[in-house]
A.B. asks: 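One structure coming up, written as structure tokens, with questions to follow.
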Amino acid sequence: MEKNQSYFSEALKGVKSLLTGFGVTMKEYFTPKITEQYPENRNTRLHVAARHRGRLIFNRDENGQYLCTACTLCEKTCPNGTIVIKSEMREDPETGKKKRVLLDYQYDLGECMFCQLCVNACNFNAIAFTNDFENSVYTKDKLVLHLDKEEYHGGSLPGLLDGGAELEIGKFNTGVK
């Protein structure tokens with residue numbers, strides 16, 4: 001007799017669980033949906049901390065020349081080899097001394113751990129992280145960047161490099177454009 005009671009009580013628990021799940025589903029079905037067509041029709045500004053590490057860029061001097069001297073310290077300190085530097089020794093026409101010249105600075109954003117060891121190792125302040133977090137692409141090949149051949153002109157969101165929307169503690173940190 002006890003087996004029959006446990007069988008029926010377990011069956012009732014299962015039906016109760018099924019009805020609970022169905023109730024949640026029906027409640028969500030009739031809740032109005034808010035879908036943002038990202039990124040084409042974005043109508044919010046996110047707050048992103050200025051110290052967020054989102055993308056590596058080259059720092060440049062006032063003449064627009066990059067500060068990298070191809071010393072390869074960043075490449076050597078990178079724990080998973082996301083930075084590959086190609087350089088060669090050339091004779092400087094002004095001084096006659098040999099000087100290392102940067103040929104290619106390849107950075108694989110898809111493999112980066114954003115640990116900032118490369119930035120800390122750079123003695124010339126040639127590289128830095130920005131808080132630009134929108135790096136989604138359809139193919140992994142587009143995540144391999146050549147920092148010496150491209151010039152970064154700010155974030156993909158308006159005011160992103162300044163932190164975006166104002167930070168409000170206890171609220172979802174977005175603002176309407």
Side-chain angles (χ1 to χ4, degrees), residues 33-92 97-169 171-177:
K33 305 297 182 267
I34 301 171
T35 303
E36 191 172 292
Q37 297 300 322
Y38 176 81
E40 294 85 16
N41 299 323
R42 181 183 316 125
N43 62 2
T44 57
R45 276 185 42 197
L46 297 174
H47 172 77
V48 180
R51 64 182 182 207
H52 172 75
R53 300 176 197 152
R55 179 191 146 109
L56 193 67
I57 61 166
F58 258 11
N59 289 326
R60 298 184 182 262
D61 62 10
E62 56 275 351
N63 299 328
Q65 298 296 318
Y66 50 81
L67 302 172
C68 182
T69 60
C71 67
T72 69
L73 281 175
C74 55
E75 180 182 18
K76 291 173 185 171
T77 59
C78 183
N80 56 348
T82 61
I83 298 173
V84 177
I85 297 175
K86 294 179 183 165
S87 63
E88 69 180 17
M89 296 298 283
R90 291 187 187 160
E91 191 172 312
D92 188 11
K97 296 180 180 178
K98 287 195 172 187
K99 182 179 176 182
R100 185 178 304 273
V101 177
L102 180 67
L103 299 177
D104 187 30
Y105 192 102
Q106 182 177 320
Y107 165 63
D108 191 350
L109 180 65
E111 298 290 325
C112 185
M113 295 189 318
F114 307 100
C115 63
Q116 203 169 359
L117 290 174
C118 56
V119 174
N120 295 339
C122 183
N123 292 329
F124 303 99
N125 194 26
I127 55 177
F129 274 104
T130 67
N131 61 349
D132 190 1
F133 63 92
E134 294 191 304
N135 299 309
S136 58
V137 292
Y138 288 108
T139 60
K140 199 172 179 184
D141 298 339
K142 292 183 180 179
L143 291 175
V144 177
L145 307 173
H146 299 275
L147 298 184
D148 60 319
K149 296 178 179 51
E150 63 181 45
E151 208 166 320
Y152 183 74
H153 294 290
S156 54
L157 287 171
L160 177 69
L161 300 181
D162 300 326
E166 289 296 318
L167 175 65
E168 295 180 39
I169 304 297
K171 293 188 177 184
F172 187 64
N173 293 312
T174 62
V176 178
K177 283 185 192 175

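All residue numbers refer to positions in the sequence shown, counting from 1.
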A.B. asks: Could you state the interatomic distance from CG (L102) to CG (L67), rounded to the nearest 0.5 Å?
C.D. replies: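 Rounded to the nearest 0.5 Å, the CG-CG separation comes to 12.0 Å.
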A.B. asks: Hey, does C68 have a side-chain heavy atom less than 4.5 Å from the side chain of D148?
C.D. replies: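 Answer no - side chains too far apart.
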A.B. asks: What heavy-atom pair brings R100 and S87 nearest, and what distance separates the two atoms?
C.D. replies: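 Of all heavy-atom pairs spanning R100 and S87, the closest is NH1-OG, 3.3 Å.
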A.B. asks: Going by heavy atoms in the side chains, are L145 and Y152 under 4.5 Å from each other?
C.D. replies: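 L145 does not reach Y152 side chain to side chain.
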A.B. asks: For K76, what residues pass the side-chain contact (heavy atoms from CB on, under 4.5 Å) criterion, not counting sequence neighbours?
C.D. replies: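 By the side-chain contact (heavy atoms from CB on, under 4.5 Å) rule, K76 matches T72.
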A.B. asks: Can you pull the salt bridge (charged side-chain N to carboxylate O under 4.0 Å, His left out) pairs that have at least one residue in residues 77-88, sequence neighbours excluded?
C.D. replies: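 Passing the test, one end in residues 77-88: E88-R90.
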A.B. asks: Report the C-alpha distance between N131 and R51 in whole Å, list the side-chain angles of each, state the deciding distance to 0.1 Å, and finish with yes or no for side chain to side chain contact (heavy atoms under 4.5 Å, CB included).
C.D. replies: CA-CA 7 Å; N131 61 349; R51 64 182 182 207; over 6 Å; no
A.B. asks: What residue pairs, at least two apart or across chains, pass salt bridge (charged side-chain N to carboxylate O under 4.0 Å, His left out) with a residue in residues 103-127?
C.D. replies: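 Applying salt bridge (charged side-chain N to carboxylate O under 4.0 Å, His left out) to every pair that reaches into residues 103-127, excluding sequence neighbours, yields D104-K149, E111-K140.
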A.B. asks: Minimum heavy-atom separation for T77 to C118, with atom names?
C.D. replies: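 What the structure gives for the nearest pair is OG1-CA, 3.8 Å.
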A.B. asks: Minimum heavy-atom separation for V119 and A128, please, with both atom names.
C.D. replies: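 In this case the closest contact between V119 and A128 is CG2-CA, 4.0 Å.
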A.B. asks: Rounded to the nearest 0.5 Å, how far apart are NZ of K98 and CG of D92?
C.D. replies: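 Answer rounded to 0.5 Å: 12.5 Å.
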A.B. asks: Excluding sequence neighbours, so at least two apart, what forms ring-ring contact (aromatic ring centres under 6.0 Å, His included) with Y66?
C.D. replies: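 ring-ring contact (aromatic ring centres under 6.0 Å, His included) list for Y66, sorted by chain: F58.
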A.B. asks: Rounded to the nearest 0.5 Å, what's the gap from CG on L147 to CD1 on I127? Could you check?
C.D. replies: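 The CD1 atom of I127 is 8.0 Å from CG of L147, to the nearest 0.5 Å.
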A.B. asks: Supply the atom-to-atom distance L56 CG to T130 OG1, rounded to the nearest 0.5 angstrom.
C.D. replies: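 L56 CG to T130 OG1: 8.5 Å, rounded to 0.5 Å.
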A.B. asks: After noting the C-alpha distance and the side-chain angles of C112 and L143, does the key distance pass the side chain to side chain contact (heavy atoms under 4.5 Å, CB included) rule?
C.D. replies: CA-CA 10 Å; C112 185; L143 291 175; over 6 Å; no
A.B. asks: Considering non-hydrogen atoms only, spot the tightest contact between G54 and F129 and give its length.
C.D. replies: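 In terms of heavy atoms, the two residues are closest at N-CD2, 4.2 Å.
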A.B. asks: Give the minimum heavy-atom separation between M113 and P79, together with the two atoms involved.
C.D. replies: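 Of all heavy-atom pairs spanning M113 and P79, the closest is CE-CG, 3.2 Å.
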A.B. asks: Residues in side-chain contact (heavy atoms from CB on, under 4.5 Å) with Q65, at least two apart?
C.D. replies: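 Expected list: D61, N63.
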A.B. asks: Drop me the distance from I83's CD1 to Y105's OH, to the nearest 0.5 angstrom.
C.D. replies: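 So the gap between those two atoms works out to 3.5 Å.
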A.B. asks: Run the salt bridge (Lys or Arg N to Asp or Glu O under 4.0 Å) test against R55 and tell me which residues pass, sequence neighbours left out.
C.D. replies: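 Expected list: E150.
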